2 protein chains.
Amino acid sequence: MATPSMEDYLERIYKLIDEKGYARVSDIAEGLEVHPSSVTKMIQKLDKDNYLIYEKYRGLILTPKGKKMGKRLMDRHELLENFLTTIGVHEDNIYKDVEGIEHHLSWDSITCIETLLEYFRRDPSRADELMNVRKELEAEN
Amino acid sequence: MATPSMEDYLERIYKLIDEKGYARVSDIAEGLEVHPSSVTKMIQKLDKDNYLIYEKYRGLILTPKGKKMGKRLMDRHELLENFLTTIGVHEDNIYKDVEGIEHHLSWDSITCIETLLEYFRRDPSRADELMNVRKELEAEN
DNA sequence: TACTTGGCGTAGCCATTGCTATATTTCCCC
DNA sequence: GGGGAAATATAGCAATGGCTACGCCAAGTA
């Protein structure tokens, strides 16, 4: 079973490969805001657990297991980002919050959040009304 | 700054004192499903950080700082439970999901979720419409 | 008062995951 | 093809927060 930290790395790696075709240690480190030495260490663990195949100094590729997991993680991450954006969370807080919670929600909750997003997408005036509530609450304090 | 684990303990302690008037090591341990020795260790840390005052073998009381924090944590927990309930998450999943995410949300996100709840409270038909979206999405699959 | 027992505390271990400092490899440019 | 800079790897340390094993206190009972 993957720890939250392992999921963070896998997700990042998947995204980098998806966008740039490869995932370098330094890119992963920058994205997760950790030092390169931490990345190397974690990559070795992910290799040992068969999420990827790693060759020292030469790079890595995801195994089918790693790809499948990575895609699920990335989709879930994007969903949660959209959710927080929709309800008005400040952009500066979104990445950190999503990274914190994404590993701890059941698929039931994920599905319900998906539905909630669809609810706001279908009628944009709903988001406007939400913002009105916000303004009223702010005016009270 | 309190770590997630420290928050778990504080919240539990606050709730125990709120409900029973006192918080024994064994009650805390049972509630959090850890061993009593772990509780003692954490209590000492919370004492050192002035969240509570602890006397060996005799018990503990929360400082004003600890009470304030404990109340906030408990309120946050309840808010998140209400949120998941409102969007239709199955009751069996709620407690575990809230336990997982409660320590990882900025107060900005908490406020936005509070607003979202108020939005649904002000007009109950909104929740009905959300459930309609859910049914439509379920029908598609 | 003395004993027993259950609750509590301490010491020390382990895993996780970050860090710094240092070594090694690769790549690019001359 | 060789030298140096950039990238990557390794070693070893620290904090966190569990655990087990064992020692200590104190309340209830005889």
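Quantities reported herein were computed from a predicted structural model and do not represent experimental measurements. Lettering of chains follows the sequences in order, A, B, ..., and the numbering in each one begins at 1.
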query: Between B/F83 and A/F83, what is the ring plane arrangement, given parallel below 30°, perpendicular above 60°, and tilted in between?
result: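 Correct class here is parallel.
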- request: Please work out which of the three classes, parallel, tilted or perpendicular, describes the rings of B/H104 and A/H104, given edges at 30° and 60°.
  value: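 Because their plane-to-plane angle is under 30°, the rings of A/H104 and B/H104 count as parallel.
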Figure out the [atom1]/[atom2] separation between [X] and [N], and round it to whole Å.
| X | N | atom1 | atom2 | answer |
| --- | --- | --- | --- | --- |
| A/R24 | D/dA9 | CZ | C1' | 16 Å |
| B/I43 | D/dT16 | CD1 | P | 17 Å |
| B/D47 | C/dC8 | CG | C1' | 15 Å |
| B/H35 | C/dG7 | NE2 | P | 15 Å |
| A/E7 | C/dT17 | CD | C1' | 15 Å |
| A/D8 | C/dT17 | CG | P | 10 Å |

task: May I ask you to verify whether the side chain of B/K41 and the base of C/dG9 hold a donor-acceptor pair under 3.5 Å?
output: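 A donor-acceptor contact between them is absent.
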message: Base of D/dT8, side chain of A/S37 - is there a donor-acceptor contact under 3.5 Å?
response: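 There is none.
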Of A/P36 and A/K56, the one whose closest DNA chain C nucleotide lies more 5':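 That would be A/P36.
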- prompt: Which of the following nucleotides, C/dT26, D/dT8, C/dC8, is nearest to the side chain of A/R58?
  reply: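 Out of C/dT26, D/dT8, C/dC8, the nucleotide with an atom closest to A/R58's side chain is C/dT26.
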message: So if I take every side-chain heavy atom of A/Y9 and compare against C/dT25, C/dG18, D/dT10, which nucleotide ends up nearest?
response: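 Of C/dT25, C/dG18, D/dT10, C/dG18 is nearest to the side chain of A/Y9.
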field: B/E7: which of B/R76, B/R72, B/H77 passes side-chain hydrogen bond (donor to acceptor under 3.5 Å, both in side chains)
entry: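 Answer to the side-chain hydrogen bond (donor to acceptor under 3.5 Å, both in side chains) test with B/E7 among B/R76, B/R72, B/H77: B/R76.
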- prompt: Can you find a pair of side-chain heavy atoms, one from A/I17 and one from A/Y22, that are under 4.5 Å apart?
  reply: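 In short, these two side chains do not touch, never coming nearer than 4.5 Å.
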